[in-house]
Engineer: 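Let me begin by handing over the structure; questions about it come next.
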Amino acid sequence: MKKIFALIFTLVMAISATSFAAEKVLRVATEPTFAPFEFTDENGGFVGFAMELIRAMGKEAGYKVEIQHIGFDGLIPALQSNIIDCAASGMTITEARSKVVTFSSPYYTAGLLVLVNADNKDIKGYADLNGKKIACQIGTTGENKSRQVPGAKVTAFNTNVEACMELVRGSADAVINDAPVVAFYLKTPAGKKCKAVGDVLEAEEYGFAFNKNNVKLIKDMNKALATLKKNGEYDKIYAKWFN
Ligand code: GLN
């Protein structure tokens, strides 16, 4: 009898050990000042469209998703040094970035927008920014676009929240940030003191970024994204954050 119990015990242990070993961890990083894509709730948990999407993709592909916070300009270096497996941070698929990381298929189409204080009368769009003080987030396409403005005094902050605070307190004339994030911000109490001006600058597509050598993972995650787009799960998550 004792022997049978010992045998059952050994079997159970062996089975649970293999299933633990089979649970692959996906180390995701994000810079969470980018609502409604990635931000933190009152308990410090990561929430938003892209957070739910990457969790669903990981689950679909058989990974246990663990999310950590890394500054936006630290995401690509963290991928390159294999500290993380995936950057999920509203990152636009650009030619320059595609040289150093591999992006998933696009998961959202956005573009940049100019944000000013509600009482601003002289800035009606990007063309009026010459010589102005522009706040933006470091390492972003918004920073890139800000630095192309002739004579502008550009200040790049670690977070989008700081860039917007700089505008509201009157230390910057404008912020250049992603249009869906600006739209979300305008509905918050702080955002009520601001307005968006001009058209959305050229379209940008977001992708999840991976280390170039992680070929199998990239394949798995693209397959998972395609499945979620087909089975209605992507639409469900989208509707929750954008409708
Ligand atoms: N989409 C922009 C970029 O890729 C901004 C991203 C962000 O601020 N999180 O640079």
Side-chain angles (χ1 to χ4, degrees), residues 28-41 46-55 67-80 84 86-115 126 129 134-149 152 154-167 172 174-186 188 190-191 194 196 198-212 225 238 241-242:
V28 174
T30 192
E31 193 294 300
T33 62
F34 206 62
F37 295 92
E38 46 266 347
F39 56 112
T40 46
D41 63 13
F46 296 105
V47 293
F49 174 71
M51 299 293 91
E52 273 187 44
L53 184 57
I54 197 67
R55 283 193 188 103
I67 305 178
Q68 60 178 289
H69 176 171
I70 292 185
F72 193 79
D73 57 341
L75 290 168
I76 289 181
L79 284 173
Q80 289 177 304
I84 56 166
C86 172
S89 210
M91 201 179 275
T92 301
I93 303 170
T94 67
E95 230 180 276
R97 288 172 180 159
S98 297
K99 286 191 181 126
V100 288
V101 293
T102 299
F103 284 99
S104 68
S105 325
Y107 64 88
Y108 192 92
T109 303
L112 297 172
L113 201 51
V114 177
L115 185 71
Y126 184 74
L129 291 177
I134 309 174
C136 55
Q137 185 179 19
I138 195 160
T140 61
T141 50
E143 178 180 10
N144 226 346
K145 202 78 189 167
S146 302
R147 301 222 180 263
Q148 288 165 24
V149 176
V154 178
T155 314
F157 293 89
N158 281 326
T159 66
N160 276 307
V161 169
E162 291 166 281
C164 291
M165 273 164 51
E166 187 80 347
L167 173 69
V175 162
I176 300 184
N177 196 2
D178 294 41
V181 174
V182 168
F184 189 91
Y185 177 69
L186 289 175
T188 66
C194 304
D199 297 324
V200 174
L201 310 174
E202 65 274 356
E204 296 187 5
E205 291 194 302
Y206 296 164
F208 298 108
F210 300 90
N211 182 300
K212 277 205 167 300
L225 179 57
Y238 186 96
W241 293 99
F242 296 104

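Remember, it's 1-based here, ligands and their atoms both numbered in the order they're listed. Along the sequence shown, the residues carry numbers beginning at 1.
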Engineer: Looking only at heavy atoms, is any part of Y206 under 4.0 Å from ligand 1, and if so is it the side chain, the backbone, or both, or is it neither?
Structural biologist: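 The side chain, only.
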
Engineer: Can you tell me how the ring of F37 sits relative to the ring of F49, calling it parallel under 30°, perpendicular over 60° and tilted otherwise?
Structural biologist: perpendicular

Engineer: Is there a heavy atom of R97 sitting under 4.0 angstrom from any atom of ligand 1?
Structural biologist: yes

Engineer: With heavy-atom distances below 4.5 Å as the criterion, would you say the side chains of E143 and I138 are in contact?
Structural biologist: yes

Engineer: Drop me the distance from T94's OG1 to E204's CD, to the nearest 0.5 angstrom.
Structural biologist: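 Output value for this atom pair is 8.5 Å.
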
Engineer: Does any N or O atom in T140 lie less than 3.5 angstrom from one in ligand 1, N or O only?
Structural biologist: no

Engineer: Report, in ascending order of atom number, the atoms of ligand 1 lying under 4.0 Å from any heavy atom of D178.
Structural biologist: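 Checking each atom against D178, I get 1 (N), 2 (C), 5 (C).
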
Engineer: Is Q137 close enough to touch ligand 1? Criterion: a residue heavy atom under 4.0 Å from a ligand atom.
Structural biologist: yes

Engineer: Among all protein heavy atoms, pick out the one at the shortest distance from atom 9 (N) of ligand 1; state its residue, atom name and that distance to 0.1 Å.
Structural biologist: S89 O, 2.9 Å

Engineer: With heavy-atom distances below 4.0 Å as the criterion, list the atoms of ligand 1 near M91.
Structural biologist: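 Those of ligand 1 that fall under 4.0 Å from M91 are 4 (O).
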
Engineer: Look at atom 7 (C) of ligand 1 and say which protein heavy atom is nearest, naming residue and atom and giving the distance to 0.1 Å.
Structural biologist: F34 CE1, 3.3 Å

Engineer: Have a look at ligand 1 and work out which part of N160, if any, has a heavy atom under 4.0 Å from it: side chain, backbone, both or neither.
Structural biologist: side chain

Engineer: Please report which non-hydrogen protein atom sits nearest to atom 6 (C) of ligand 1, along with the residue it belongs to and the distance in Å to one decimal place.
Structural biologist: G90 O, 3.3 Å

Engineer: To the nearest 0.5 Å, what is the distance between CG (L75) and NE2 (H69)?
Structural biologist: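 It comes to 8.5 Å.
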
Engineer: Does the side chain of I134 come within less than 4.5 Å of I176's, by heavy atoms?
Structural biologist: yes

Engineer: To the nearest 0.5 Å, tell me how far I93 CD1 sits from F208 CZ.
Structural biologist: 10.0 Å

Engineer: Could you label the plane-to-plane angle of the F184 and F39 rings as parallel, tilted or perpendicular, counting under 30° as parallel and over 60° as perpendicular?
Structural biologist: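 Aromatic pair F184/F39 classed tilted.
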
